[in-house]
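In each ligand, atom 1 is the first atom listed, and ligand 1 is the first ligand listed.
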Amino acid sequence: MEHIDIVDLKHDKKYLNETVTAYGWVRTSRNSKNTAFIELNDGSSLSHIQIVIDKNNISDIGNFLSVGSALKITGKLVVAQNDKDSVEINAEKIELLGKAPEDYPLQKKRHTLEFLRTIPHLRLRANTFNAVFKVRSVLSFAIHKFFQDRGFAYIHTPILTANDCEGAGEVFRVTMHEANVKFDSEEEYYKNDFFGKRAGLSVSGQLEGETAALGLGKIYTFGPSFRAEDSNTTRHVAEFWHVEPEVAFADLNDIMKIAEEMIKYIISYVLENCKEEMQFFDKRIEKGLIQKLEAAVNSDFEVVDYSKAIDLLINSGKKFDFPVEWGLDLQTEHERYITEEIFNKPCFIVNYPKDIKAFYMKQNPDGKTVAATDLLMPGVGEIIGCSERETDYDKLVSAMKQRDMNLDEYKDYLDLRKYGSVTHSGYGLGLERMIMYITGISNIRDVILYPRTVGNIR
Ligand code: 4AD
């Protein structure tokens, strides 16, 4: 490949005063009497490179100036006339690689995020999305690095599954039957389906992750989870990327320490490795963002007992849409009040009522609560769901029976409590919610390439 990335042309001194070739798309252009200017961007950086065209040397420039067209430029890289700290290319040859006609949707310099959502296939050519997806990439790498450096094994858990890990009935069904197929009973329907039983897309790799941790010790998964949740909010998508570490011989306190350390590590990694993007977000999306993130890294995350959180909400004097009482599953308005108004920093809420949480969580001696925590972040709410797992065979069976679960389908999971059961804990981090927190972007649809939400897939 003979061309050089624009980011390198802009920063690597060795190309100065050399003849170089750059590729890219026209972001803006200007045509004056003798000279024309193009701002070219190839996606390698948020900033563009200016192409200067002497119209006496290059004729027929009409096609080259249309916004969105793809060009190949060859010319001399020189210090910019109007900015001694920058560079520009004096074009010697221009080739039109792909023309963009006048109906190219990204004509204006700034579009709303709502509008850009209608063109997911083109929005990556806008700065906000360039920056979001760079951060997403670096953040994903940081997550792997955090766990790999600490001896966690990366496990790929199945996407097709026969269980509903969270027990919330939000599993997308998988079937090979045609729409009009008729069977006498549900049982017959599933018996004659591909797997001979009901199957779906995994809502979480946790149950299989526990299997792996109880052999390998420390593992993490990082892949998509699917939820047929009828929640049309700014924080829910039907397909999200899920990071799920699971650690043998670790109790709730141990796993919370790992979660806090991981969050601080990945924030610091992004701040260090995405400087241009983070400055962009700080300026354009959330003023004070970098300061907020640095403060989070330097803080001790708050740990608040669920019962105490309920008292704080009741005594706040604030009127909530969902009235607060012990036993309530905290709603976004409550989560935000606790983390933004009361503590203004990340908060772990611990020891939730057992009836609002999943079957696999360790029951506390009080008989009412479980050793579980959610990590709440200002501006986003819950980003981590975490718990110590129930290791007592009988208690687990009784929690499953209470929820009318079919024990036969969880035989492997129960076996783990039968053969060498040990204390173990884990958590799930939603990657998109973490990106929202780090970038300040307030709608989850803007941090994933093709968001899948109720009534929306393309
Ligand atoms: O709290 P959740 O449901 O926990 C679990 O799935 C556990 N099995 C995790 C574990 O212990 N291994 O989900 C974990 C996180 C949430 O805190 C949230 O960040 C994200 O997954 N999440 C979603 N993100 C976007 N859209 C959705 N519909 C999400 N549902 C959960």
**Student:** Students should be able to answer this: which protein heavy-atom is nearest to atom 19 (O) of ligand 1, and at what distance?
**Tutor:**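 Answer for atom 19 (O) of ligand 1: Ile383 O, 2.9 Å.
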
**Student:** Here's a test for you: under side chain to side chain donor-acceptor pair (under 3.5 Å), which of Arg27, Arg110, Arg284 qualifies with Asn127?
**Tutor:**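 It is Arg27, the one option of Arg27, Arg110, Arg284 that forms the side chain to side chain donor-acceptor pair (under 3.5 Å) with Asn127.
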
**Student:** Could you tell me if the side chain of Arg123 sits less than 4.5 Å from the side chain of Asp446, heavy atoms only?
**Tutor:**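 Asp446 vs Arg123: side chains touch.
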
**Student:** Answer yes when Asp193 and Lys197 have at least one side-chain N-carboxylate O distance shorter than 4.0 Å, and no when they do not.
**Tutor:**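 Between Lys197 and Asp193 there is no salt bridge, as every charged N stays at least 4.0 Å from the carboxylate O atoms.
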
**Student:** Side chain, backbone, both or neither: which part of Phe226 comes within less than 4.0 Å of ligand 1 when only heavy atoms are counted?
**Tutor:** neither

**Student:** With atom 13 (O) of ligand 1 as the reference point, say which of Arg227, Met361, Arg389 has the nearest heavy atom.
**Tutor:** Arg227

**Student:** In the protein, which heavy atom is nearest to atom 15 (C) of ligand 1, and how far is it?
**Tutor:**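 Of every protein heavy atom, Gly428 O, 3.5 Å lies nearest to atom 15 (C) of ligand 1.
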
**Student:** Just jot down the ligand 1 atoms closer than 4.0 angstrom to any heavy atom of Ser204, in number order.
**Tutor:** 6 (O), 8 (N)

**Student:** Less than 4.5 Å apart, side chain to side chain, heavy atoms only: is that true for Arg150 and Pro245?
**Tutor:**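 Heavy-atom side-chain distance check fails, nothing below 4.5 Å.
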
**Student:** Would you call Arg235 a ligand 1 contact, heavy-atom distance under 4.0 Å?
**Tutor:** yes

**Student:** Strictly below 4.0 Å, N to O, side chains only: are Glu260 and Lys264 in salt-bridge contact?
**Tutor:** yes

**Student:** So, Lys395 and Glu390, do they make that salt bridge, N to O below 4.0 Å?
**Tutor:** no

**Student:** Numbering the atoms of ligand 1 from 1, which are under 4.0 Å from a heavy atom of Tyr360?
**Tutor:**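 Within the 4.0 Å cut-off of Tyr360, ligand 1 contributes 7 (C), 8 (N).
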
**Student:** Polar-atom distance check: Glu246 versus ligand 1, any N or O pair below 3.5 Å?
**Tutor:** no

**Student:** Mark the output for Arg433 as yes if a heavy-atom distance to ligand 1 is under 4.0 Å, and as no if none is.
**Tutor:** yes

**Student:** I want to know if ligand 1 touches Glu244 in the polar sense, i.e. an N/O pair below 3.5 angstrom.
**Tutor:** yes

**Student:** Please assess Phe222 against His242 for the test ring-ring contact (aromatic ring centres under 6.0 Å, His included), listing each intermediate value before the final yes or no.
**Tutor:** CA-CA 6 Å; Phe222 192 166; His242 209 172; 9.8 Å; no

**Student:** Over 60° means perpendicular and under 30° means parallel, so tell me whether Tyr306 and Trp326 are parallel, tilted or perpendicular.
**Tutor:** perpendicular

**Student:** When you measure from the heavy atoms of Leu375 to every atom of ligand 1, does any distance fall below 4.0 Å?
**Tutor:**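 The answer is no, since Leu375 has no heavy atom less than 4.0 Å from ligand 1.
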
**Student:** Is it true that Lys191 and Glu186 have a side-chain N and a carboxylate O under 4.0 angstrom from each other?
**Tutor:** no

**Student:** Please indicate whether Lys99 has more than 12 foreign heavy atoms, meaning atoms of other residues, nucleotides or ligands, lying under 6.0 Å from its NZ.
**Tutor:**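 Above 12, so yes.
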
**Student:** At under 4.0 Å between heavy atoms, is it the side chain or the backbone of Asp374 that contacts ligand 1, or both, or neither?
**Tutor:**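 Neither part.
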
**Student:** Does the N or O separation between Val237 and ligand 1 drop below 3.5 Å for any pair?
**Tutor:**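 Yes; at least one N/O pair falls below 3.5 Å.
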
**Student:** In terms of side-chain geometry, is the basic nitrogen of Lys357 or Asp374 positioned less than 4.0 Å from the acidic oxygen of its partner?
**Tutor:**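 Salt bridge: yes.
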
**Student:** Give the numbers and elements of all ligand 1 atoms closer than 4.0 Å to a heavy atom of Glu229.
**Tutor:** 28 (N)

**Student:** Quick one: does Phe322's side chain get under 4.5 Å of Glu333's, heavy atoms only?
**Tutor:**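 Yes; the side chains approach each other to less than 4.5 Å.
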
**Student:** Return yes or no for this condition: an N or O of Phe240 is under 3.5 Å from an N or O of ligand 1.
**Tutor:**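 Min N/O separation from ligand 1 is not below 3.5 Å for Phe240.
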
**Student:** Could you check whether atom CG of Asp230 has more than 12 heavy atoms from other residues, nucleotides or ligands sitting under 6.0 Å from it?
**Tutor:** no

**Student:** Is there a heavy atom of Gly426 sitting under 4.0 angstrom from any atom of ligand 1?
**Tutor:**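 Contact check Gly426 vs ligand 1: positive.
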
**Student:** Checking a contact table here: which protein heavy atom is nearest atom 16 (C) of ligand 1, and how many Å away?
**Tutor:**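 Here the closest protein heavy atom is Glu382 OE2, 3.1 Å.
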
**Student:** Specify the protein heavy atom at minimum distance from atom 5 (C) of ligand 1: its residue, its atom name, and the distance to 0.1 Å.
**Tutor:**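 Looking at atom 5 (C) of ligand 1, the protein heavy atom closest to it is Glu166 OE2, 3.3 Å.
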
**Student:** Would you say ligand 1 has an N or O under 3.5 Å from any N or O of Gly430?
**Tutor:** yes

**Student:** I'd like to check which ligand 1 atoms, numbered from 1 as shown, lie under 4.0 Å from a non-hydrogen atom of Ile384.
**Tutor:** 17 (O)

**Student:** Should the proximity of Glu432 to ligand 1, defined as any heavy atom under 4.0 Å, be assigned to the side chain, the backbone, both, or neither?
**Tutor:** neither

**Student:** Which of the atoms in ligand 1, numbered in the order shown and given with their element, are less than 4.0 Å from a heavy-atom of Ile444?
**Tutor:**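 Result: 25 (C).
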
